[in-house]
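Sequential numbering from 1 along the given sequence is applied to the chain's residues.
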Amino acid sequence: MTDVEPSAPVAGMPRIGDPAPSFTAVTTQGEINFPGDYLGKWVILFSHPADFTPVCTSEFMTFASMQEQFAAYNTALVGLSVDGLYSHIAWLRTIKDKITYRDMQDVEVTFPLIDDVSMAIARRYGMIMPGEDSTKAVRAVFVVDPKGVIRTIIYYPLSLGRNFDELLRVVKALQTADHFDVATPADWRPGEPVIVPPAGSCGTAEERMAGHDEGVECKDWFFCTKAIPEDEVEAAIRAGGA
Ligand code: BEZ
């Protein structure tokens with residue numbers, strides 16, 4: 001037995017399925033109201049530990065270079081660190097003017113980067129993990145859906161740069177799950193079989209296996225898949241998801 005209520009929030013940190021905590025913030029693109037300004041869009045709200053640091057620089061260059069790919073899936077990007085606006089502006093200008101990473105150069109970051117010097121937003125979102133660093137945000141990722149609900153949370157430590165292909169895959173998988181009412185298996189990519197609920201909730205395993213819809217393949221009573229062609233998935237989710 002545990003004395004922790006299963007549904008009790010952990011230190012007030014937002015959880016998957018919660019409404020994204022709302023805030024107003026100063027950013028490099030002007031003031032934003034989150035998530036209100038983004039309703040109707042998917043958003044990736046992410047934190048980084050500090051401006052003028054190398055891992056964060058490589059991340060911003062990668063994210064900025066992929067911004068159009070995310071926009072194609074109706075997904076906006078919003079960054080945050082506990083640095084101030086003028087630090088953000090100077091850092092982003094330095095990235096554009098001086099930094100080359102992989103084949104990226106002259107990279108302009110045009111998505112908003114939040115000034116959170118007070119740490120109020122970082123604390124509210126559980127981005128400060130004192131065991132890692134009490135004065136910097138860890139690399140947190142919150143994927144928020146068009147209704148302002150948190151759908152995925154991923155955390156990385158300070159030393160580990162994120163995999164942005166994975167973040168795009170997460171967006172595509174969430175949108176596919178919503179649109180087709182399915183789940184997506186390990187390492188799923190558009191065009192690969194998706195998971196569907198087994199047909200019927202009663203009967204024997206054999207009956208359940210036999211009773212499935214056309215196009216559904218059951219490996220066992222609990223594990224049924226169906227193919228959705230990549231172009232069908234892409235047409236659905238590129239139209240805006242869900
Ligand atoms: C970096 O982005 O390189 C970094 C930031 C904070 C601590 C360690 C690394």
Side-chain angles (χ1 to χ4, degrees), residues 10-18 20-21 25 27-28 34 42-70 73 75-84 87-88 90-92 94-96 98-105 107-117 119-145 150-174 184-189:
V10 181
M13 286 167 62
R15 299 170 300 183
I16 290 174
D18 287 351
T27 84
T28 49
F34 192 89
W42 291 77
V43 195
I44 298 183
L45 171 67
F46 69 101
S47 57
H48 71 277
D51 297 347
F52 292 101
T53 53
V55 178
C56 301
T57 298
S58 68
E59 290 193 316
F60 265 68
M61 293 179 76
T62 307
F63 232 166
S65 301
M66 292 175 71
Q67 188 174 355
E68 288 307 311
Q69 290 180 64
F70 283 94
Y73 296 91
T75 302
L77 311 175
V78 178
L80 175 150
S81 80
V82 302
D83 300 291
S87 165
H88 287 340
W91 178 46
L92 298 186
T94 305
I95 288 176
K96 179 169 171 13
K98 295 198 182 154
I99 308 293
T100 302
Y101 172 64
R102 293 188 165 163
D103 59 351
M104 294 172 273
Q105 62 178 1
V107 172
E108 191 160 5
V109 174
T110 58
F111 56 80
L113 174 49
I114 294 170
D115 164 340
D116 189 32
V117 273
M119 294 194 183
I121 302 166
R123 287 210 177 94
R124 180 67 190 90
Y125 270 80
M127 293 166 169
I128 305 292
M129 303 210 168
E132 180 76 345
D133 194 312
S134 58
T135 61
K136 293 179 175 64
V138 295
R139 301 181 198 282
V141 179
F142 291 83
V143 183
V144 178
D145 75 12
I150 295 172
R151 299 291 299 278
T152 298
I153 304 174
I154 310 173
Y155 288 108
Y156 294 73
L158 302 190
S159 64
L160 177 57
R162 285 163 275 215
N163 181 318
F164 291 89
D165 287 331
E166 168 62 1
L167 301 187
L168 186 56
R169 192 190 76 88
V170 166
V171 167
K172 292 182 191 180
L174 290 169
T184 52
D187 295 331
W188 178 86
R189 302 251 167 202

Engineer: Would you say that Lys96 contacts Leu92 through its side chain, given a criterion of any heavy-atom pair below 4.5 Å between the two side chains?
Structural biologist: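 Contact flag for Lys96/Leu92 side chains = no.
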Engineer: I'd like to know whether Thr62 forms a side-chain contact (heavy atoms from CB on, under 4.5 Å) with Tyr101, so could you lay out the CA-CA distance, the side-chain angles of the two residues, the decisive distance to 0.1 Å, and finally the verdict.
Structural biologist: CA-CA 9 Å; Thr62 307; Tyr101 172 64; 4.0 Å; yes
Engineer: For the CE atom of Met119 and the CE atom of Met127, what is their distance to the nearest 0.5 Å?
Structural biologist: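 Going from CE on Met119 over to CE on Met127, the span is 12.5 Å.
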Engineer: Where the side chain of Arg15 meets the backbone of Ile150, is there a donor-acceptor pair that is under 3.5 Å apart?
Structural biologist: no
Engineer: A side-chain contact here means heavy atoms from C-beta on lying under 4.5 Å apart; do Val109 and Gln67 qualify?
Structural biologist: no
Engineer: Would you name the heavy atoms of Gly84 and Asp51 that are closest together and state the gap between them?
Structural biologist: O-OD2, 4.3 Å
Engineer: Using only atom types and a distance under 3.5 Å, with no angle test, would you say the side chain of Ser81 pairs donor to acceptor with the backbone of Pro49?
Structural biologist: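 Pair absent, no side-chain N/O of Ser81 close to backbone of Pro49.
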Engineer: Does Arg169 reach the main-chain N or O of Trp188 with its side chain, forming a donor-acceptor pair under 3.5 Å?
Structural biologist: yes
Engineer: Which distance, rounded to the nearest 0.5 Å, do you find between the CD1 of Ile128 and the OG of Ser47?
Structural biologist: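 If we round to the nearest 0.5 Å, Ile128:CD1 and Ser47:OG are 7.5 Å apart.
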Engineer: So Tyr125 and Leu80, side-chain contact (heavy atoms from CB on, under 4.5 Å) or not? Walk me through it.
Structural biologist: CA-CA 11 Å; Tyr125 270 80; Leu80 175 150; over 6 Å; no
Engineer: If only atom types and distance count, is the side chain of Arg139 paired as donor or acceptor with the main-chain N or O of Phe46 below 3.5 Å?
Structural biologist: no
Engineer: Going by atom types alone, do His88 and Asp83 pair a side-chain donor with an acceptor below 3.5 Å?
Structural biologist: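 No, Asp83 and His88 have no side-chain donor paired with an acceptor closer than 3.5 Å.
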Engineer: Find the distance between CD (Glu68) and OG1 (Thr110) and round it off to the nearest 0.5 Å.
Structural biologist: 7.5 Å
Engineer: Is a side-chain donor or acceptor of Thr100 paired with a backbone partner of Gln105 at a separation under 3.5 angstrom?
Structural biologist: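 Not confirmed, Thr100 side chain does not pair with Gln105 backbone.
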Engineer: State, yes or no, whether a side-chain contact exists between Gln69 and Val171 at a heavy-atom distance under 4.5 Å.
Structural biologist: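 Heavy-atom side-chain distance check fails, nothing below 4.5 Å.
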Engineer: Under the rule for side chain to side chain contact (heavy atoms under 4.5 Å, CB included), what residues qualify as partners of Ala120, not counting sequence neighbours?
Structural biologist: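 With neighbours one apart ignored, the set is Asp116, Ser118.
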Engineer: Using modelled atom types and a 3.5 Å cut-off, is there a donor and acceptor pairing between side-chain atoms of Tyr73 and backbone atoms of Trp42?
Structural biologist: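 No, because the side chain of Tyr73 does not come within donor-acceptor range (under 3.5 Å) of the backbone of Trp42.
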Engineer: Tell me, do Asp145 and Leu174 make a side-chain contact under 4.5 Å, heavy atoms counted?
Structural biologist: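 Not touching, per the 4.5 Å side-chain cut-off.
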Engineer: Taking the six-membered ring for Trp and the full ring for Phe, Tyr or His, determine whether the centres of Phe60 and Phe111 are under 6.0 Å apart.
Structural biologist: yes
Engineer: Would you say the side chains of Thr57 and Trp91 form a donor-acceptor pair under 3.5 Å?
Structural biologist: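 Looking only at side-chain atoms, Trp91 and Thr57 do form a donor-acceptor pair, the distance falling under 3.5 Å.
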Engineer: Show your reasoning for whether side-chain contact (heavy atoms from CB on, under 4.5 Å) applies to Leu167 and Ile154.
Structural biologist: CA-CA 9 Å; Leu167 301 187; Ile154 310 173; 3.8 Å; yes
Engineer: Answer yes or no: is there a donor N or O on one side and an acceptor on the other, between the side chain of Thr152 and the main chain of Val143, under 3.5 Å?
Structural biologist: no
Engineer: Hey, what do you get for CG (Leu45) to CZ (Phe34), rounding to the nearest 0.5 Å?
Structural biologist: 4.5 Å
Engineer: Side chains of Arg162 and Phe63, heavy atoms from C-beta outward: is any pair under 4.5 Å?
Structural biologist: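 Of all side-chain heavy-atom pairs linking Phe63 with Arg162, none is under 4.5 Å.
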Engineer: Would Val138 and Tyr156 count as a side-chain contact (heavy atoms from CB on, under 4.5 Å) here? Give the steps.
Structural biologist: CA-CA 6 Å; Val138 295; Tyr156 294 73; over 6 Å; no
